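All values reported here derive from a predicted model rather than from experimental measurement. FYI, the numbering just counts along the sequence from 1. Heavy-atom basis, side chains included; hydrogens, waters and symmetry copies ignored.
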Amino acid sequence: MKSAELFNDLKKYEAALRRRTNEAGATSLLGLSLESLERGHVVFTMKIKPRHKQLHGVVHGGVLATVADTVAAIAAYTTVPKGTEIATVELKINFLEPVPGGRIKAVGRVLRTGRNFVVTECEIYKEDGAMAAKALLTFGAARGHSIAPK
């Protein structure tokens, strides 16, 4: 694929992604906001709200895992052929520091895209720049669907 075609595809993908993040599921519920998008790399931010916190006043681990899963999946979609659907088959996350509030930044990267699997990582940073969590995720990839319009 030529770089001009790839650039146009990423622009279409980004436009579709921005539209869908305001409408759909986890991204809307969490309040994720797209900061940047490249092939194999994506950055989102999220303002911490009371609904994200657990009993002890810090962000719930399940919320951080959902952020990692969502961000890594979006990065994965930038590397698979059009018409490919992905699904999480494995997620491993280390929680490194509690997140009491502020904003987080989630950086998703594709480590390898194969024919049937995409291996990714997601690092989540606190407002002060400290890494709060790191996840390694594997997605199964199968032809049949795409987030971008045809």
Side-chain angles (χ1 to χ4, degrees), residues 1-49 52 59-99 102-150:
M1 180 178 278
K2 295 178 184 172
S3 64
E5 290 175 30
L6 177 61
F7 179 77
N8 287 335
D9 281 351
L10 278 176
K11 285 296 174 195
K12 287 178 189 174
Y13 180 77
E14 182 176 354
L17 183 58
R18 287 190 187 278
R19 244 188 345 271
R20 292 196 57 195
T21 19
N22 294 328
E23 306 167 350
T27 51
S28 176
L29 178 65
L30 291 168
L32 286 171
S33 177
L34 178 64
E35 295 297 313
S36 69
L37 175 76
E38 301 171 21
R39 181 174 167 79
H41 186 267
V42 65
V43 178
F44 276 82
T45 59
M46 183 180 91
K47 182 176 176 17
I48 302 304
K49 299 191 174 176
H52 299 131
V59 176
H60 192 286
V63 170
L64 293 176
T66 302
V67 167
D69 188 37
T70 303
V71 170
I74 291 167
Y77 267 117
T78 68
T79 66
V80 296
K82 284 182 185 174
T84 301
E85 184 176 338
I86 65 169
T88 309
V89 295
E90 182 178 42
L91 183 158
K92 187 251 189 253
I93 188 164
N94 284 31
F95 302 106
L96 306 171
E97 288 199 17
V99 181
R103 281 186 131 2
I104 59 171
K105 177 170 79 169
V107 180
R109 286 183 203 86
V110 173
L111 302 175
R112 183 176 188 284
T113 300
R115 188 174 21 182
N116 298 313
F117 297 98
V118 182
V119 179
T120 64
E121 68 179 2
C122 182
E123 296 174 344
I124 300 173
Y125 297 92
K126 296 177 8 177
E127 209 164 45
D128 66 4
M131 189 183 298
K134 180 159 181 140
L136 181 64
L137 303 96
T138 303
F139 297 94
R143 290 292 201 141
H145 184 270
S146 176
I147 194 171
K150 295 180 187 195

Participant: Where is the tightest heavy-atom contact between H52 and L29, given as atom of each residue plus distance?
Facilitator: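 For H52 versus L29, the nearest heavy atoms are NE2-O, 4.4 Å.
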
Participant: Quick check: closest heavy atoms across A141 and V118, and the distance to 0.1 Å?
Facilitator: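 A141 and V118 have their closest heavy atoms at CB-CG2, 4.4 Å.
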
Participant: Checking E121 against V107 for the side-chain contact (heavy atoms from CB on, under 4.5 Å) test, could you report, in this order, the C-alpha distance in whole Å, the side-chain angles of both residues, the deciding distance, and whether it holds?
Facilitator: CA-CA 8 Å; E121 68 179 2; V107 180; over 6 Å; no

Participant: Which value, rounded to the nearest 0.5 Å, describes the distance between M46 atom CE and I104 atom CD1?
Facilitator: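 Reported to 0.5 Å precision, the distance equals 4.0 Å.
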
Participant: So, for F117 and T138, which heavy atoms are closest and what is the spacing to 0.1 Å?
Facilitator: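 Nearest heavy atoms, F117 then T138: CD2-CG2, 3.9 Å.
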
Participant: Below 4.0 angstrom, N of the basic side chain to O of the carboxylate: do E123 and K134 qualify?
Facilitator: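 Between K134 and E123 there is a salt bridge, with a charged N closer than 4.0 Å to a carboxylate O.
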
Participant: Show the nearest heavy-atom pair for residues A76 and I86, with the distance to one decimal.
Facilitator: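 What the structure gives for the nearest pair is CB-CD1, 3.7 Å.
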
Participant: Can you measure from CZ (R39) to OG1 (T113) and round to the nearest 0.5 angstrom?
Facilitator: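 One finds 6.5 Å between CZ of R39 and OG1 of T113.
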
Participant: Quick one: do F44 and T70 satisfy side-chain contact (heavy atoms from CB on, under 4.5 Å)? Show the steps, please.
Facilitator: CA-CA 10 Å; F44 276 82; T70 303; over 6 Å; no

Participant: Heavy atoms only: give me the nearest V42-V71 pair and the separation to one decimal.
Facilitator: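 Minimum heavy-atom contact is CG1-O, 3.4 Å.
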
Participant: Over all heavy atoms of both residues, which pair between I93 and A68 is shortest? Give the atoms and the distance, please.
Facilitator: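 Shortest heavy-atom contact: CD1-CB, 4.3 Å.
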
Participant: Does D128 reach the main-chain N or O of A130 with its side chain, forming a donor-acceptor pair under 3.5 Å?
Facilitator: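 Between the backbone of A130 and the side chain of D128 there is a qualifying donor-acceptor contact (under 3.5 Å).
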
Participant: Kindly compute the distance separating CD1 (I124) from CG (N94), expressed to the nearest 0.5 Å.
Facilitator: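 Atom-to-atom, I124:CD1 and N94:CG are 11.5 Å apart.
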
Participant: Once you round to the nearest 0.5 Å, how far does OG1 of T120 lie from CD1 of I74?
Facilitator: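 If we round to the nearest 0.5 Å, T120:OG1 and I74:CD1 are 11.5 Å apart.
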
Participant: Are the side chain of T78 and the backbone of G40 linked by a donor-acceptor contact shorter than 3.5 Å?
Facilitator: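 A pair under 3.5 Å: yes.
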
Participant: To the nearest 0.5 Å, how far apart are OG1 in T79 and CZ in R109?
Facilitator: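 Answer rounded to 0.5 Å: 14.5 Å.
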
Participant: Starting at SG of C122, measure out to CG of D69 and round the result to the nearest 0.5 Å.
Facilitator: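 Atom-to-atom, C122:SG and D69:CG are 9.5 Å apart.
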
Participant: For K126 and E97, what are the C-alpha separation, side-chain angles and deciding distance, and is it a salt bridge (charged side-chain N to carboxylate O under 4.0 Å, His left out)?
Facilitator: CA-CA 9 Å; K126 296 177 8 177; E97 288 199 17; 2.9 Å; yes

